Amino acid sequence: MACNLAVSITKAAVTDEKMRALLAPEKVQPVVESYLRQPGVLKQGESFEASRNGDTITIRVAGLWIYISNGRVRTSATAGYNDVRGRELVDALSNLLALTADALFAQQVKAALTPLGKVKQQQVTVDNAGITQAAMVFTLNI
C-alpha cells in the first residue's frame, strides 16, 4: 500500500535571542503604534508620541515613558502618574511583542518551506502541558 501522507510534528519555541533578532525596531514600531491607536487601548484623554533612537523605541503616554529595546519593555513615570497604569501598558506591550515575534517566526518558517512546495497555514489552539496556547500549523504539499 502506497503512503501519500507523512506527518511531522515539531514544537518550536522562540528563544530570547531569536526574539530580539526578530523584533528589530523598524518592525516593532509600526506594530506598537498601530496597537496604541486602537480604540480602548489608551484611556480617555491619553495620547501617545513614539520615536526611535538607534535600537530603542521611546513612547510617551501622559506622564509615562515606555522604552522598548531588545524585545524588552520597561517604563519610568513622572511624579503623580499611576504605577498601575504603567504596569498595564508594559504588560500589554510585552504580550504584543511576544505575539509579534511568534508571527514573524511563522513567516520565516513558511518562507523556508515554500521552495519545497505549496504551503498552507492554519491558526489552531493546542494544549501544551496543560496550558492552552495558540499555534500555527503548516501543511506542505510536495
Side-chain angles (χ1 to χ4, degrees), residues 3-142:
C3 177
N4 63 357
L5 176 66
V7 176
S8 175
I9 299 174
T10 303
K11 181 178 173 182
V14 179
T15 64
D16 284 345
E17 181 180 329
K18 181 67 175 174
M19 185 169 116
R20 284 190 297 274
L22 289 168
L23 296 175
E26 62 273 7
K27 292 182 181 178
V28 170
Q29 187 171 353
V31 172
V32 169
E33 289 180 7
S34 178
Y35 172 75
L36 291 173
R37 284 188 190 101
Q38 291 183 32
V41 172
L42 297 180
K43 293 184 177 182
Q44 187 168 341
E46 288 182 334
S47 62
F48 77 93
E49 292 178 23
S51 62
R52 189 170 82 215
N53 185 8
D55 290 341
T56 301
I57 299 167
T58 302
I59 303 163
R60 186 184 62 75
V61 177
L64 177 70
W65 293 90
I66 301 170
Y67 305 96
I68 301 173
S69 182
N70 293 321
R72 306 244 186 256
V73 182
R74 62 184 178 83
T75 185
S76 65
T78 58
Y81 198 82
N82 188 338
D83 287 338
V84 172
R85 179 64 179 141
R87 182 84 260 152
E88 289 172 353
L89 288 171
V90 166
D91 289 348
L93 290 174
S94 294
N95 289 336
L96 176 67
L97 290 182
L99 292 171
T100 301
D102 288 348
L104 292 169
F105 181 71
Q107 287 175 358
Q108 288 182 345
V109 170
K110 185 175 182 180
L113 293 174
T114 298
L116 303 174
K118 186 176 178 185
V119 178
K120 293 180 187 175
Q121 71 182 60
Q122 177 184 2
Q123 182 79 33
V124 298
T125 303
V126 297
D127 182 324
N128 184 13
I131 299 171
T132 302
Q133 294 179 310
M136 188 65 65
V137 174
F138 293 101
T139 304
L140 174 63
N141 295 314
I142 50 175

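Since the structure is predicted, the reported quantities are computational estimates derived from the model, not experimental observations.
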Using side-chain heavy atoms (C-beta onward) and a distance below 4.5 Å, is M136 in contact with K110?
no
Closest approach of Q29 and I57, non-hydrogen atoms and distance?
N-CD1, 3.6 Å
Write down the atom of G71, the atom of L23, and the distance for their closest heavy-atom approach.
CA-CD1, 3.9 Å
In Å, rounded to the nearest 0.5 Å, how long is the span from CZ of R85 to CZ of R87?
12.5 Å
As an exercise, state the distance from CG of L89 to CD1 of I66, rounded to the nearest 0.5 Å.
4.5 Å
Can you tell me how far the CZ atom of R74 sits from the OG atom of S69, to the nearest 0.5 Å?
7.5 Å
Smallest heavy-atom separation, A50 atom then I59 atom, equals CB-CG1, 4.1 Å
Grab the two heavy atoms, one from K27 and one from L22, that are nearest each other, plus how far apart they are.
CD-O, 3.7 Å
Can you measure from CG (L104) to CG (L97) and round to the nearest 0.5 angstrom?
10.5 Å
Has T100 got a side-chain atom pairing as donor or acceptor with L96's backbone, closer than 3.5 angstrom?
yes
Could you tell me which non-hydrogen atom of Y67 sits nearest to which non-hydrogen atom of S76, and how far apart they are?
CE1-OG, 3.7 Å
Quick one: does any side-chain atom of T75 pair with a main-chain N or O of W65 as donor and acceptor, under 3.5 Å?
yes
Considering all heavy atoms of both residues, which atom of L113 and which atom of L140 are nearest to each other, and what is their separation?
O-CD1, 3.7 Å
From E33 atom CD to E49 atom CD, the distance as rounded to the nearest 0.5 Å
11.0 Å
In terms of heavy-atom contacts, does CG of D91 have more than 12 from other residues, nucleotides or ligands at under 6.0 Å?
yes
Can you tell me how far OG1 of T56 sits from CD1 of I68, rounded to the nearest 0.5 angstrom?
10.0 Å
Kindly check if the number of other-residue, nucleotide or ligand heavy atoms within 6.0 Å of CG (N53) is above 12?
no
